[in-house]
Trainee: 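One structure follows; several queries about it will come next.
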Protein chains: 2
Amino acid sequence: MQPQLSRRQSTILKLIVQEYIRTGRAVGSKSLLERYDLGVSPATVRSEMGELEEQQFLAHPHTSAGRVPTDRGYRYYVEYLLDDTSLPVPEQITIRHQFRQVEAQVESWAKLAAAVLADLSGNLSLVTPPRSSVERMRHFELISLRSRVVLLITVTQAGTVREVILPLTEEIGQEQLSALSQRLNPLIRDLTHEQIRRLAEGAGDLPGLVLHQIADVLRLAEQEAQSEVIAEGLDYVLQQPELGHGALAQRLLELLRGGAILSVLIPQLKTGEGVQVIIGTENRAAELHPFAVVLASYGARGHAAGFLGIIGPTRMRYGRSISTVRYVSQVMTDLLRDIYETDDEERSHHERGR
Amino acid sequence: MQPQLSRRQSTILKLIVQEYIRTGRAVGSKSLLERYDLGVSPATVRSEMGELEEQQFLAHPHTSAGRVPTDRGYRYYVEYLLDDTSLPVPEQITIRHQFRQVEAQVESWAKLAAAVLADLSGNLSLVTPPRSSVERMRHFELISLRSRVVLLITVTQAGTVREVILPLTEEIGQEQLSALSQRLNPLIRDLTHEQIRRLAEGAGDLPGLVLHQIADVLRLAEQEAQSEVIAEGLDYVLQQPELGHGALAQRLLELLRGGAILSVLIPQLKTGEGVQVIIGTENRAAELHPFAVVLASYGARGHAAGFLGIIGPTRMRYGRSISTVRYVSQVMTDLLRDIYETDDEERSHHERGR
DNA sequence: GATTGGCACTCCACGATGCCGAGTGCCAAC
DNA sequence: GTTGGCACTCGGCATCGTGGAGTGCCAATC
C-alpha cells in the first residue's frame with residue numbers, strides 16, 4: 001500500500017483513528033470538529049470521510065453512526081501517519097533498572113519482560129524465553145539424590161539449564177558419578193543431540209544410559225522452545241470493553257493454553273525485521289482476526305533467542321505498543337549479548353550504549 | 001456447625017444445592033418437585049424452604065424468585081450432605097499415565113498438576129511447585145560461559161535447581177572452577193544459607209564470592225517459595241456466566257499477578273489436614289468472598305512440599321472438585337516420596353500402592 | 001470546482017409501559 | 001402436619017416512542 005491520500009484526507013484519517021482509539025466510539029464529522037479545528041465545515045469533512053470509506057479506510061457500523069477505522073485504515077495509520085516516537089526516557093530508565101535487579105537470573109528475564117510489556121502497553125503480553133533452535137551441549141553434572149536416584153543437570157551452549165531424574169539399577173556413589181561426568185564432559189561439548197546419541201551407542205552401560213538421557217534432554221529442549229511462552233496482563237484483556245463482554249476474551253485465553261498461540265504466530269514472524277505489526281484480518285489465523293499483534297524477535301545469530309510481543313484489540317495504542325516492544329526487545333538482546341558475546345563485540349556494544 | 005436439620009429438610013437442602021449448581025437459576029418449590037419426587041406437595045416444600053431460609057441456609061434474590069443456597073448452605077452441604085465419592089478409576093488411570101510421561105522432569109510436575117486440576121474441575125487451578133521452607137545445600141557447579149562470565153548452578157536438598165550468572169574480575173579456566181567446586185562442595189553440603197554466609201566470611205577472594213552467591217540463591221529460593229504459583233484454566237473462569245460478565249473475573253486475574261493470591265490463601269491453610277474447602281465469606285480476604293476455594297497441601301515432613309487447589313464460583317461442583325484435588329495431591333505426594341524417601345519407606349509405600 | 005449551510009432521513013440508545021410466568025406467603029380445610 | 005387455593009410480587013422480555021447523533025444530497029456561494 002502506497003501513500004495515496006491527500007494531505008487533508010491523511011489528517012482526517014489520523015484524527016479519526018486517534019479519536020476512535022481514545023474513546024472507542026464511532027467518530028462523526030461534527031464531534032471531530034468540536035475537538036480539532038480543521039478550518040473546514042462538517043460537510044467537507046463528511047465528503048472526505050465518504051471518500052475514505054470508498055477506499056476502505058473507514059467503515060460505518062450503520063447508516064446513522066460515525067466512522068470507524070478498518071484494518072486497512074489502521075494499517076495506513078501505522079505505516080504513514082504514526083509519529084515515530086521512542087519510549088520516554090524515564091520509562092527507559094525504570095525498565096533498565098528493573099532488569100538490573102534480575103540480571104543474574106536468566107530464567108527471570110522473560111518473566112520480567114512480559115510484566116513490563118503488559119504494564120506499559122496495558123495489553124496482554126507474550127514472551128518466549130531465550131532458546132536456541134539447535135541446542136548444543138555445554139556441560140552436565142550428575143548428582144546423587146539418594147541411592148539409585150540421580151539428578152542429571154545439563155547446560156546447553158545457549159545457557160538453558162535442564163534437570164531430569166535418572167533412576168539407576170544399581171547403587172553408584174557420588175565419587176563415581178563425578179568421575180564419569182569428568183570423563184564424558186569433554187567428549188560431548190558442543191555436540192547436538194543426534195551426535196551425542198551416536199556416541200551413546202558405542203558406550204558402556206552407565207555412560208550409554210547417561211548419554212542417551214542427555215540427548216533426550218537436548219531434543220526436548222529444542223521442542224519446548226517451540227511451545228513455551230510466558231503471558232502476562234490477562235487482567236488487561238478483560239478491561240477492554242469490546243473484548244471483556246463477548247466470548248472473545250475467552251477465545252484468546254484458550255489460545256494461550258499450552259502455547260498454542262505460538263504455532264499460530266511463529267509462521268508469520270519474520271526474524272530480524274524490527275517490530276512487526278499485524279492488524280486484524282492480516283493475521284493468518286482466523287482466531288486472531290479480532291486482534292492486533294505487535295511482535296519483535298530478540299537475541300541473535302544462532303545464539304539463544306526468542307520473541308516477544310503484545311496482543312490487544314485492533315483498537316490499541318499502536319505508537320505506545322510499538323515503542324515498548326522495540327525497547328524491551330533491545331534490552332533483552334543487550335542482556336544476551338553481555339553473556340555470550342566475545343570481548344571485542346562487547347566493548348563496541350558498550351560504547352554504543354553511551 | 002452441627003447437623004441440626006430434619007431428614008426432610010436435609011433432603012430438600014441437598015436437592016436445592018444440587019439443582020442450583022446444575023442450572024444456576026434460583027430453585028422454586030414447584031420446579032424442584034417436577035424433577036424429584038418427594039412425596040409431598042409444593043406447599044410443604046415451601047414451608048420447609050421458609051424454615052431453611054429462617055436458619056440462613058437459603059436466601060431469596062427477591063420476593064418472587066426461588067431459593068439460592070447461602071455460603072452457610074453450601075457449608076452444610078459440603079459437611080454433611082455430600083456423598084463422599086472418589087475420582088472415577090478411569091480418570092485416575094489417565095492422570096497417573098500423564099504424570100508418568102513427565103516423571104523425570106520435576107519442574108513439569110506442577111504444571112501438569114495445574115492442567116489436570118483445571119481440566120477435570122472446569123475451574124481455575126493453582127499449584128505451587130515443590131519447595132522446602134528451609135533450603136539446604138546439596139551441590140553446586142561452576143561452568144565457564146565465556147571469559148569472566150561463569151554460570152553457577154545450585155541444587156538444594158529439596159531438589160530445586162537454580163542458576164545464576166556470576167561476573168568475575170579476572171579470567172579463570174574451567175579446570176580451576178571445577179577444582180574449586182570439588183573443594184567447596186563437601187564443606188557446604190546440607191548447610192543453610194546463613195551457615196554458608198558465615199563460611200564465606202573467612203574464605204578467600206573467589207571462594208568467598210562463590211559462597212556468598214550460593215547463600216543468596218538459597219535465600220532467594222526460600223523467598224520465592226512464598227510467591228511462585230502456577231495457574232491454569234483461566235478460560236474456564238470466563239465461562240462462568242456469573243463471573244464472566246462482571247468485573248469479578250478481572251479481580252480474580254489481578255489477584256494472580258505476581259502470586260499475590262498466595263499471601264491471601266496461605267495464612268488460612270492448615271497443613272496436613274487433607275482437603276480444605278473455603279466457601280465465600282469464609283475467606284479471610286474480601287477479594288475472595290465471591291469464590292470458593294478447594295485446597296490441599298502435598299509432600300511431607302520438611303522435604304519439598306507445596307500446595308494445590310482450585311478456585312471457582314461458590315456455585316461449583318464440590319464433590320468433583322474435592323475428589324480431584326485430593327487425588328492429585330496424593331499423586332504429587334507419591335512422586336516426591338519416590339525421590340526423597342529412604343528405601344525402607346519406599347518399599348512399604350509401594351506395598352501400600354498395590 | 002471546492003466548499004458550505006440546510007434539510008430530510010436513518011438508526012441506535014434509552015426509558016416507559018405492559019404482560020407473562022414463576023414463585024411466594026398465607027389461610028382455611030382436611 | 002399437610003394440602004389446595006388464591007392473591008400478590010417481581011424480574012424478564014417485548015413493544016413502543018422519543019431524542020440525539022450522524023449521514024447524504026443538493027443548491028447556493030466563494
Trainee: Indicate for each nucleotide in nucleotides 23-30 of chain C, in 5' to 3' sequence, whether protein heavy atoms under 4.0 Å reach the base (B), only the sugar-phosphate (S), or nothing (-).
Mentor: SBBB----
Trainee: Could you give the CZ-to-P distance, from Arg7(A) to dA2(C), as a whole number of Å?
Mentor: 19 Å
Trainee: For Arg251(B), does the CZ atom have more than 12 heavy-atom neighbours from other residues, nucleotides or ligands under 6.0 Å away?
Mentor: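 Count not over threshold, so no.
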Trainee: What integer distance in Å separates Leu32(B):CG from dA22(C):P?
Mentor: 15 Å
Trainee: Does a side-chain N-to-carboxylate-O contact under 4.0 Å join Glu19(A) and Arg25(A)?
Mentor: no
Trainee: Are Glu232(B) and Lys111(B) ion-paired here, with the side-chain N under 4.0 Å from a carboxylate O?
Mentor: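 Looking at Glu232(B) and Lys111(B), the cut-off is not met.
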Trainee: Scan Arg25(A) against the nucleic acid and name what it touches under 4.0 Å (heavy atoms): base, sugar-phosphate only, or nothing.
Mentor: nothing
Trainee: Just how far, in rounded Å, is P of dG22(D) from CD1 of Ile16(A)?
Mentor: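 Taking atom P of dG22(D) as the reference, CD1 of Ile16(A) is at 11 Å.
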Trainee: Grab the CD-C1' distance between Glu48(A) and dG1(C) for me, whole Å please.
Mentor: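 Going from Glu48(A) (CD) to dG1(C) (C1'), I get 13 Å.
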Trainee: State, with a plain yes or no, whether a side-chain heavy atom of Gln9(B) is found less than 4.5 Å away from one of Lys14(B).
Mentor: no
Trainee: Reckon Ser41(A) has a side-chain N or O less than 4.0 Å from the OP1 or OP2 of dT3(C)?
Mentor: no
Trainee: Can you check the Leu33(A) CG to dG5(C) C1' distance for me, whole Å?
Mentor: 14 Å
Trainee: Inspect the contact between Glu79(A) and Arg75(A) and indicate whether a charged nitrogen and a carboxylate oxygen are less than 4.0 angstrom apart.
Mentor: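 Yes, this pair counts.
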Trainee: Mind telling me whether Tyr20(A) and Tyr74(A) have parallel, tilted or perpendicular rings, with 30° and 60° as the class edges?
Mentor: tilted
